[in-house]
Amino acid sequence: MAWHFRLPCYTCIILSLLMQEGHSRKRNDDEVEPLYSKAVNVHVGLGNNLETSLAEPAMGKLVQFLNTYCGNCRRFAPTFKKMAVELQKWSRVLRIYAVDCAHWDNVKLCRDFRIRFTPTLRYFPSKFQRSGGETGTEIDSKIPREIEKQLIESLSQNDYSGSKGVKPNFDPIEPDDNLQEVYAQFDNQVTYILLVHPAEIGTETILHMLPFPDVGVRIIKDAQMFANFGLQPCRQKLALLNRAGAVQPLRNVGQSSAAYVHSVAGFLQQNGHTRVPTLPTTPAPENNLSQGYDAFIVDYVLSSKKVLFQADLEQAIYQFLHVEIPRTPFISGYRFKALRHIIRLFRRFNVLSQDGRRMLNSLVKHLFEVDEITGEEFRHVLDDLQTRLEPIFGDRQYVGCLGSTLHTRRFSCSLWTLFHYLTVLAAQRKVYPPSSVAIGLYGLAKYFYGCADGSKHFMEMAKRRKIAQVTSHDEEILWLWEAHNEVNERLAGDSAEDPRFPKVQFPERKHCPDCYGSDSDSDEFDRDEVLRYLKRVYDLDYLSLERLPGGARRDTNANEHKSR
C-alpha cells in the first residue's frame with residue numbers, strides 16, 4: 001500500500017511560493033557554496049582558471065583536490081582551514097587552492113591531473129606548465145606539520161626570479177660575502193640582515209620571517225663564517241645586524257626556528273617595525289545550516305514518511321553520468337565491464353523519462369560497440385545524445401537527500417537510495433540474476449566513486465559480507481540494507497555527519513515498529529518485517545513525484561513511471 005501526501009491548503013500555498021523563489025534563482029546543486037573561501041586563505045580553483053594560476057611566476061601553490069560529497073574531505077576541512085590560516089604568513093611565496101572535483105566545471109581539470117581519490121594534496125612550483133603528463137608533486141600526508149615540512153623543502157627550491165619586492169634567498173652565504181654584498185642581494189630594500197645557523201633551521205626561519213619585510217634572512221651553513229661579520233663563531237647561532245654592522249640585542253632563545261622568529265619579532269615590534277597583517281589563527285565558527293528554500297524542503301522531508309523521491313534518483317544518475325565517469329581518464333578492462341553493467345542496470349530499471357530511456361539505450365549500444373573509452377569520449381557521446389532529446393534532468397535539486405548543511409548527504413545519500421530502489425525493482429522484475437544490483441554498486445564504488453575512504457570501506461565490507469554469494473533477490477535487498485546500516489554505525493557521531501540527519505540504524509522504530517522484536521526494549525530486527533518494509537518504501541508506487549522543488553516534468557511523467 002502506497003502512502004501519499006495530504007498537505008493542508010496553506011502548506012501548499014507556502015510551498016508554491018517557495019518553489020517560485022527557487023526557480024527565480026535558477027537553483028541547482030552546482031551553486032552550493034564552496035567548502036573553502038579566501039576568508040581562510042584558500043582560493044577556490046575552477047576549471048581553466050586554475051591552470052592559469054598554476055603558471056603564475058614566483059609563487060608556489062598547494063592544491064587540495066576534493067569531493068564535497070566525500071566525508072573524508074569534510075573531516076579534513078577544519079584541519080586544512082586552520083593550517084591555511086596559519087600559513088597565510090607565507091603568502092608572499094605560497095598560494096593555497098581547493099578544487100572540488102564533484103563540480104561540473106572541474107571535471108576536465110581533475111581528469112587531466114589524474115585525480116582518482118580525494119582528498120589529494122599536490123604542490124606546484126612557480127611557472128608550472130603541465131606538459132608531458134606532469135601533474136605536480138604529491139604530498140603524502142594529511143598531518144599539518146608533515147605537510148608544512150614538505151612545503152618548506154619545496155618552497156626552498158622554488159624559482160623566485162619573477163617576484164615583486166624582496167625575494168627570499170635560501171642559498172647559504174658564500175665564504176667571501178660581506179655585509180654590504182648581502183644587503184645588495186636584497187636590492188638594499190631591507191633594514192636588517194638576520195644571520196641564521198644551522199641551515200636546517202635557517203630554511204624554515206626564512207619562511208616564518210616573511211611577514212617582516214624589513215628583514216632579509218640569510219643562512220650561515222658554517223658557523224666559522226660568522227667571523228666575516230665581526231662575530232664570535234664559537235658562540236653564535238643567530239645575529240641581527242643593521243647596515244652599520246652593529247649587532248641588535250635579542251633575548252636568549254632556544255635553538256629552533258620558532259624561538260628564533262619569536263626573539264626577532266619581539267625586537268622589531270619594540271622598535272616600531274610592523275609586520276604584514278595575518279588572518280586570525282582560529283577561524284570563526286561557521287553556521288552552515290540550510291536556510292530559506294532548502295530549509296523548507298529539509299523540514300518537509302523530516303516531517304514526512306517518504307524515503308523515495310524522484311529528484312534524488314535523477315541526481316544520483318546525473319552525477320554519475322556527467323561527473324564521475326567523465327572525470328575518469330581511461331576506462332578499459334574490468335573498469336569498462338563495470339561501466340557497461342551499471343549503465344545496463346540503469347536502462348533496465350529506468351527511473352528517468354522516456355527520453356532518458358532512449359539516452360540509456362543509445363549509451364548501452366555504444367558501449368557494446370567499443371572495448372574501451374576515455375572519460376572525455378564518454379562526455380562527448382553523452383552530450384551528443386542529449387542534444388537530440390528533450391531535457392532529461394530537471395532542476396538539479398536534491399529533495400529527500402538534501403542536507404541540512406551545505407555539504408552533507410546529497411550524492412552519497414542519493415546513491416544509497418537509488419540502489420535500494422534498484423534491488424527492490426530487481427526482485428519484482430527478476431530479469432537479472434540475484435546480486436546483479438549489489439555487484440553494480442560494488443563496481444561503482446571500486447572504479448568510479450571519488451572518495452577514497454568510502455570506496456575502501458565499501459570494498460572491504462563487500463568482501464567480508466560475501467557479496468558474490470547472494471543467492472536470491474530478497475537476500476540482495478537485505479544484504480544492501482545490512483551493509484548500509486553497517487556504514488551508518490561506523491559513521492555515527494562523525495564530524496562530517498549531518499546534524500539533522502544523524503546516522504542511525506534504519507528503519508527506526510517510529511517508522512516501522514513491526515520491524516523490531518516483540519520486546520519493546522530490544523534493538524534486534526525482525527528480518528522478515530524489514531524485508532516487507534523495504535519492499536514497500538522502495539517500491540515504484542511509493543516513489544514521490546511531488547513538485548519539490550518544482551519540476552513540472554515530474555508530474556507529466558507520472559503515468560510513464562507507472563508503465564515501466
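Note that the structure is predicted; figures quoted are calculated from it, not measured.
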Tell me whether [X] contacts the main-chain N or O of [Y] through its side chain, where contact means a donor paired with an acceptor under 3.5 Å.
X	Y	result
Arg74	Ala496	yes
Asn158	Val93	no
Gln248	Ala246	yes
Arg410	Leu406	yes
Asp177	Glu174	yes
Ser154	Leu151	no
Arg243	Leu179	no
Lys61	Leu54	yes
Tyr183	Thr191	yes
Thr328	Ile331	no

Within-4.5 Å side-chain heavy-atom neighbours: [X] and [Y]:
X	Y	answer
Leu121	Phe76	yes
Trp416	Val487	yes
Phe226	His197	yes
Gln397	Leu402	yes
Phe65	Pro119	no
Val247	Leu240	no
Phe124	Val63	yes
Leu210	Leu207	yes

When you check the gap from the basic side-chain N to the acidic O, do [X] and [Y] get nearer than 4.0 Å?
X	Y	answer
Glu376	Lys108	no
Arg111	Glu324	no
Asp159	Lys127	yes
Asp498	Lys503	no
Glu56	Arg95	yes
Arg500	Asp299	yes

When you check the side-chain N and O atoms of [X] and [Y], is any donor under 3.5 Å from an acceptor?
X	Y	value
Thr205	Ser257	yes
Tyr260	His208	no
Gln386	His322	yes
Thr417	Asp312	no
Thr405	Thr408	yes
Gln315	Gln319	no

Indicate the atoms forming the closest heavy-atom contact of [X] with [Y], along with that distance.
X	Y	value
Gly443	Ala338	CA-CB, 4.2 Å
Gly254	Ala259	O-CB, 3.3 Å
Ile201	Ser256	CG2-C, 3.8 Å
Tyr123	Leu155	OH-CD2, 3.7 Å

Take the angle between the ring planes of [X] and [Y] and call it parallel below 30°, perpendicular above 60°, tilted in between.
X	Y	value
Tyr449	Tyr69	tilted
Phe458	Tyr442	tilted
Phe393	Tyr318	perpendicular

Legend entry - Distance, nearest 0.5 Å, that separates CG of Asp112 from CG of Asn106: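 Spacing of CG (Asp112) from CG (Asn106) equals 11.5 Å.
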Legend entry - From SG (Cys110) to NE2 (His103), nearest 0.5 Å: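 If I round to the nearest 0.5 Å, the distance is 11.0 Å.
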Inset, instruction - Carefully, step by step, assess Arg75 and Asp453 under the rule salt bridge (Lys or Arg N to Asp or Glu O under 4.0 Å). - result: CA-CA 11 Å; Arg75 285 181 215 108; Asp453 188 58; 3.4 Å; yes
Inset, instruction - Determine the sole option in Tyr36, Trp90, Phe80 for which the side chain to side chain contact (heavy atoms under 4.5 Å, CB included) test with Ile96 is passed. - result: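 With Ile96 as partner, side chain to side chain contact (heavy atoms under 4.5 Å, CB included) holds for just one option, Phe80.
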Legend entry - Intermediate values then yes/no, side chain to side chain contact (heavy atoms under 4.5 Å, CB included), Val217 and Val196: CA-CA 7 Å; Val217 184; Val196 181; 3.8 Å; yes
How about [X]: does its [atom1] atom have over 12 heavy atoms from other parts shown lying under 6.0 Å from it?
X	atom1	result
Ile143	CD1	no
His262	NE2	no
Asn48	CG	no
Arg114	CZ	no
Lys142	NZ	yes
Arg251	CZ	no
Lys167	NZ	yes
Glu489	CD	no

Inset, instruction - Assess the cysteine pair Cys451 / Cys70: is their SG-SG separation shorter than 2.5 Å? - result: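 Answer is yes, sulfur atoms closer than 2.5 Å.
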Legend entry - Stepwise side chain to side chain contact (heavy atoms under 4.5 Å, CB included) test for Leu418 and Ile317: CA-CA 8 Å; Leu418 174 64; Ile317 295 174; 3.9 Å; yes
Legend entry - Lys/Arg cation over aromatic Tyr398: Arg409, 6.0 Å, 45° cone: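 No, Arg409 and Tyr398 do not form such a contact.
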Inset, instruction - Determine, step by step, whether Phe186 and Tyr192 satisfy the ring pair (Phe, Tyr, Trp, His ring centres under 6.0 Å) criterion, reporting the C-alpha distance in whole Å, the side-chain angles of both residues, the deciding distance to 0.1 Å, and the verdict. - result: CA-CA 10 Å; Phe186 290 103; Tyr192 302 101; over 10 Å; no
Inset, instruction - In sequence, state the C-alpha distance, the side-chain angles, and the governing distance for Glu148 and Met83, and then conclude on side chain to side chain contact (heavy atoms under 4.5 Å, CB included). - result: CA-CA 9 Å; Glu148 190 175 313; Met83 182 189 71; 5.8 Å; no
Inset, instruction - Walk me through it: do Asn169 and Gln185 pass the test side chain to side chain contact (heavy atoms under 4.5 Å, CB included)? - result: CA-CA 9 Å; Asn169 189 339; Gln185 291 161 3; 4.2 Å; yes
Inset, instruction - Can you spot which of Phe320, Phe378, Phe117 makes a ring pair (Phe, Tyr, Trp, His ring centres under 6.0 Å) with Phe448? - result: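 The ring pair (Phe, Tyr, Trp, His ring centres under 6.0 Å) with Phe448 is passed solely by Phe320 among Phe320, Phe378, Phe117.
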